[in-house]
Amino acid sequence: MKENDKNIEQLIDKMMAEEKLQSPSIDFTSKIMAQVLILEEKKRKTYKPLISKPVWIFLGLALAAIVIYASLFSVSENNFKIDEIGKLYSDKISTAFSGIHFSKNILYAVLIVPFMVLVQIGVLKNYFDKRYELSRS
């Protein structure tokens with residue numbers, strides 16, 4: 001068995017001596033890097049906002065139209081003064097919510113959670129902006 005292994009080893013040595021060492025072409029690295037850059041360009045996504053500018057403009061105009069419509073027609077039909085309108089709506093709101101009682105914990109949560117969400121949005125936006133800038137460079 002050892003004789004057979006020696007013959008195989010001699011055969012392999014003979015074959016390796018006859019073969020020349022292959023080397024890549026001169027511009028091998030630049031070709032590979034060009035392909036890598038092409039792949040990175042394909043992976044990179046362009047920023048597209050979730051809600052486009054025309055939709056924001058439409059929503060703003062619709063909100064403005066609703067506010068103007070409500071203010072013009074509620075005042076002109078009833079001929080109320082501004083103070084009387086405020087008192088009328090506050091009375092309706094107070095009677096609508098008179099039977100509901102909230103615990104202190106619920107009140108604190110309702111006051112604190114929106115603030116914390118706004119802070120978290122700012123922090124996350126800053127984080128993703130920095131991450132995006134690092135990926136671009």
Side-chain angles (χ1 to χ4, degrees):
M1 182 97 170
K2 290 185 180 185
E3 179 89 21
N4 194 12
D5 288 343
K6 285 185 180 181
N7 288 339
I8 291 174
E9 195 170 318
Q10 288 174 353
L11 179 65
I12 291 174
D13 288 342
K14 186 179 177 182
M15 289 175 60
M16 294 294 286
E18 292 174 2
E19 285 293 318
K20 292 184 179 179
L21 187 62
Q22 293 181 353
S23 62
S25 63
I26 295 171
D27 58 346
F28 176 76
T29 305
S30 61
K31 285 182 181 178
I32 295 295
M33 290 309 292
Q35 289 179 356
V36 168
L37 290 174
I38 289 171
L39 286 175
E40 284 183 10
E41 287 295 325
K42 287 182 182 178
K43 286 182 184 177
R44 192 174 290 171
K45 295 179 182 177
T46 57
Y47 173 74
K48 185 177 178 185
L50 188 61
I51 301 173
S52 63
K53 284 185 182 181
V55 173
W56 280 115
I57 291 171
F58 174 75
L59 289 173
L61 291 175
L63 180 65
I66 289 171
V67 168
I68 290 170
Y69 176 79
S71 65
L72 288 177
F73 289 106
S74 67
V75 173
S76 65
E77 288 177 3
N78 298 328
N79 292 326
F80 286 127
K81 294 180 181 176
I82 299 294
D83 293 336
E84 293 173 359
I85 292 173
K87 186 176 181 181
L88 177 68
Y89 284 120
S90 67
D91 289 342
K92 286 183 180 179
I93 291 171
S94 64
T95 57
F97 292 108
S98 63
I100 300 174
H101 299 287
F102 295 108
S103 69
K104 286 185 180 182
N105 292 338
I106 298 287
L107 273 174
Y108 292 149
V110 168
L111 294 175
I112 292 173
V113 167
F115 174 72
M116 296 305 290
V117 167
L118 289 175
V119 168
Q120 196 171 31
I121 287 171
V123 169
L124 285 174
K125 182 181 181 327
N126 188 19
Y127 169 76
F128 283 114
D129 285 345
K130 285 182 181 177
R131 190 169 146 192
Y132 178 71
E133 288 298 322
L134 287 176
S135 69
R136 289 188 74 202
S137 58

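Count residues from 1 along the sequence.
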Qualifying residue for side-chain contact (heavy atoms from CB on, under 4.5 Å) with Ile12, from Gln10, Met16, Lys14
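For Ile12, the side-chain contact (heavy atoms from CB on, under 4.5 Å) test succeeds with only one of Gln10, Met16, Lys14, which is Met16.
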For Phe115, the option from Leu118, Val119, Leu111 that meets side-chain contact (heavy atoms from CB on, under 4.5 Å):
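By the side-chain contact (heavy atoms from CB on, under 4.5 Å) criterion, Phe115 pairs with just one of Leu118, Val119, Leu111: Val119.
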From Asp27 CG over to Met33 CE, what is the distance, rounded to the nearest 0.5 angstrom?
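Rounded to the nearest 0.5 Å, the CG-CE separation comes to 14.0 Å.
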Working to the nearest 0.5 Å, report the span between CG of Leu61 and CD1 of Ile66.
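It is 11.0 Å, given to the nearest 0.5 Å.
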If you compare all heavy atoms of Pro114 against all heavy atoms of Ala109, which two are closest, and at what distance to 0.1 Å?
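Nearest pair, atom of Pro114 first, then Ala109: CD-O, 4.0 Å.
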Would you say that more than 12 heavy atoms from the other residues, nucleotides or ligands in this model lie under 6.0 Å from the CD1 of Ile26, or not?
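Count not over threshold, so no.
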For residues Asp129 and Glu133, determine if any side-chain heavy atom of one lies less than 4.5 Å from a side-chain heavy atom of the other.
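Heavy-atom side-chain distance check fails, nothing below 4.5 Å.
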side-chain contact (heavy atoms from CB on, under 4.5 Å) with Val117: which residues, sequence neighbours excluded?
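Applying side-chain contact (heavy atoms from CB on, under 4.5 Å) to Val117 gives Val113, Ile121.
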